[in-house]
Peer 1: 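Have a look at this one.
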Amino acid sequence: MDLILWRHAEAREAEDGEDDLARPLTSRGIKQAQRMAEWLNRFLPESTRVLVSPALRTRQTADALGRKYRTLDALAPGASASQLLAAARWPDSREPVLVVGHQPTLGQTAAYLMAGADALQAPAWGVRKGAAWWLRHRVRDAVPEVVLVSVRTPEKL
């Protein structure tokens, strides 16, 4: 199973009293999302399930893909790595899953999958705004493993 973790692109800072979920992307963030979406669309299979946090900035990031997606409250800011993995049906999903979400959830998920159970106690790994981490679960010689396929930032595409 492939799991792609895509952090939302740059968003406007919250104004006084503004709901965090209502923050839109900046013009730079829109360009970041478009750049990353172009790269992702070159490599993502058509069967990829796209799961998105309900926050406006994540939906705007996902919109750049031009694909259908499902919005899940379980991916909202403050979600846990366990909630993300359950939503993605890791590692049993038959199709690749792209999750558009937030820090620290994405970094916690990457740390857990790459470093193991002890990572649940460790700080989240840094995932830059607009970046995508592509992870793959596979079984080699009857031993399950997680492989880091790619890490991309919009600025390096």
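Keep in mind that the numbers below use all heavy atoms, side chains included, and drop hydrogens, waters and symmetry copies.
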Peer 1: For residues P96 and P45, report the shortest heavy-atom separation together with the two atoms involved.
Peer 2: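 Looking at all heavy atoms of both residues, the closest pair is CG-CG, 3.7 Å.
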
Peer 1: Test side-chain contact (heavy atoms from CB on, under 4.5 Å) on R7 and R128; report intermediate values, then the result.
Peer 2: CA-CA 7 Å; R7 185 175 179 194; R128 295 178 60 102; 5.5 Å; no

Peer 1: Any chance you could measure H8, atom NE2, to Q103, atom CD, to the nearest 0.5 Å?
Peer 2: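 Going from the NE2 atom of H8 to the CD atom of Q103 covers 8.5 Å.
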
Peer 1: Check the hydrophobic clustering (I, L, V, M, F, W, Y; side-chain heavy atoms under 4.5 Å; chains of links allowed) and say if V50 and V99 are grouped together.
Peer 2: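 Not linked; separate clusters.
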
Peer 1: Tracing side-chain links under 4.5 Å among I, L, V, M, F, W and Y, which residues wind up in one group with I30?
Peer 2: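 So far as hydrophobic clustering goes, I30 is joined with L25.
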
Peer 1: To the nearest 0.5 Å, tell me how far T26 OG1 sits from Q32 CD.
Peer 2: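 Answer for the OG1-CD pair, T26 versus Q32, is 6.5 Å.
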
Peer 1: Check E155 with K31, please: is the shortest side-chain N to carboxylate O separation under 4.0 Å?
Peer 2: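 Looking at K31 and E155, the cut-off is not met.
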
Peer 1: Linking I/L/V/M/F/W/Y whenever their side-chain heavy atoms sit closer than 4.5 Å, directly or via other members, would M1 and L84 fall into one cluster?
Peer 2: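 Yes.
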
Peer 1: Going by heavy atoms in the side chains, are N41 and R67 under 4.5 Å from each other?
Peer 2: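 N41 vs R67: side chains touch.
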
Peer 1: So, does T153 use its side chain to make a donor-acceptor pair with the main chain of A131 at under 3.5 Å?
Peer 2: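 Flag not set: sc T153 to bb A131 has no pair under 3.5 Å.
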
Peer 1: Which pairs, with at least one residue in residues 32-51 and sequence neighbours excluded, count as a salt bridge (charged side-chain N to carboxylate O under 4.0 Å, His left out)?
Peer 2: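 Matches after skipping sequence neighbours: R49-E95.
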
Peer 1: Under a 4.5 Å side-chain heavy-atom rule over Ile, Leu, Val, Met, Phe, Trp and Tyr, are W6 and V151 clustered together?
Peer 2: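 W6 does not cluster with V151.
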
Peer 1: Decide whether V52 and L44 are clustered together by the hydrophobic rule: side chain heavy atoms of Ile, Leu, Val, Met, Phe, Trp, Tyr closer than 4.5 Å, transitively.
Peer 2: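 Shared cluster, yes.
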
Peer 1: With a cut-off of 3.5 Å and sequence neighbours excluded, list every side-chain donor-acceptor pair involving residues 140-149.
Peer 2:
| residue | atom | partner | partner atom | Å |
| --- | --- | --- | --- | --- |
| E145 | OE2 | R138 | NE | 2.5 |
| E145 | OE2 | R138 | NH2 | 2.8 |

Peer 1: Pairs of donor and acceptor atoms involving the side chains of residues 14-22, under 3.5 Å and at least two apart or interchain, shall be tabulated with distances.
Peer 2:
| residue | atom | partner | partner atom | Å |
| --- | --- | --- | --- | --- |
| E15 | OE2 | R12 | NH1 | 3.4 |
| E18 | OE1 | R12 | NH1 | 2.9 |
| E18 | OE1 | E15 | N | 2.9 |
| E18 | OE2 | R12 | NH2 | 2.8 |
| D19 | OD1 | L21 | N | 3.1 |
| D20 | OD1 | R23 | NE | 2.9 |
| D20 | OD1 | R23 | NH2 | 3.4 |
| D20 | OD2 | R57 | NH2 | 3.0 |

Peer 1: Should we say atom CZ of R59 is surrounded by more than 12 heavy atoms from elsewhere, each under 6.0 Å from it?
Peer 2: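 Yes.
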
Peer 1: Judged by atom type as modelled, is there a donor-acceptor pair below 3.5 Å linking the side chain of T109 to the main-chain atoms of T105?
Peer 2: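 Present.
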
Peer 1: Mind listing the closest non-hydrogen atom pair of A55 and H102 along with its distance?
Peer 2: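 That would be CB-CE1, 3.6 Å.
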
Peer 1: Determine whether a donor-acceptor pair (N or O, by modelled atom type, separation under 3.5 Å) exists between the side chain of Q108 and the backbone of Y112.
Peer 2: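 Pair absent, no side-chain N/O of Q108 close to backbone of Y112.
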
Peer 1: Hey, is the main chain of P54 close enough, under 3.5 Å, to the side chain of D73 for a donor-acceptor pair?
Peer 2: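 No; zero donor-acceptor contacts below 3.5 Å.
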
Peer 1: Could you tell me the separation between the CG atom of L3 and the CG atom of L113, rounded to the nearest 0.5 Å?
Peer 2: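 Separation between the atoms: 6.5 Å.
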
Peer 1: Applying side-chain contact (heavy atoms from CB on, under 4.5 Å), can you list everything that pairs with D63, at least two apart in sequence or on another chain?
Peer 2: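 Testing D63 for side-chain contact (heavy atoms from CB on, under 4.5 Å), a comparison that skips the adjacent residues, returns Y69.
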
Peer 1: Is the backbone N or O of V97 less than 3.5 Å from a side-chain atom of T48, with the two atoms forming a donor-acceptor pair by type?
Peer 2: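 Not a single qualifying donor-acceptor pair exists.
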
Peer 1: Under 4.5 Å between side-chain heavy atoms, counting indirect links through other Ile/Leu/Val/Met/Phe/Trp/Tyr residues: same cluster for V100 and F43 or not?
Peer 2: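 Result: yes, single cluster for both.
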
Peer 1: Between E10 and K129, is there a side-chain N and carboxylate O pair less than 4.0 Å apart?
Peer 2: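 K129 and E10: not salt-bridged.
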
Peer 1: In Å and rounded to the nearest 0.5 Å, what is the CG to CG distance from L75 to L106?
Peer 2: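 These two atoms lie 9.0 Å from each other.
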
Peer 1: Ring pair (Phe, Tyr, Trp, His ring centres under 6.0 Å) with W90: which residues, sequence neighbours excluded?
Peer 2: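 H137.
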
Peer 1: Nearest 0.5 Å, please: how far is CG in L98 from CG in L40?
Peer 2: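 Reported value, rounded in 0.5 Å steps: 6.0 Å.
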
Peer 1: Locate the shortest heavy-atom distance separating L72 from A87; write the atom from each residue and the value.
Peer 2: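 Heavy-atom minimum between the residues: CD1-CB, 3.8 Å.
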
Peer 1: Using a 4.5 Å cut-off on heavy atoms from C-beta on, say whether the side chain of D2 contacts that of W134.
Peer 2: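 The answer is yes; the side chains approach within 4.5 Å.
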
Peer 1: Could you tell me which non-hydrogen atom of S93 sits nearest to which non-hydrogen atom of A88, and how far apart they are?
Peer 2: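 Taking S93 first and A88 second, the nearest heavy atoms are CB-O, 3.5 Å.
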
Peer 1: Look at the side chain of W133 and the backbone N and O of S150, then say whether any donor-acceptor pair between them is shorter than 3.5 Å.
Peer 2: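 Side chain of W133 to backbone of S150, a donor-acceptor pair under 3.5 Å: no, none is there.
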
Peer 1: Testing the basics here: between A9 and A33, what is the closest heavy-atom pair and its distance to 0.1 Å?
Peer 2: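 Reported closest heavy-atom pair: CB-N, 4.0 Å.
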
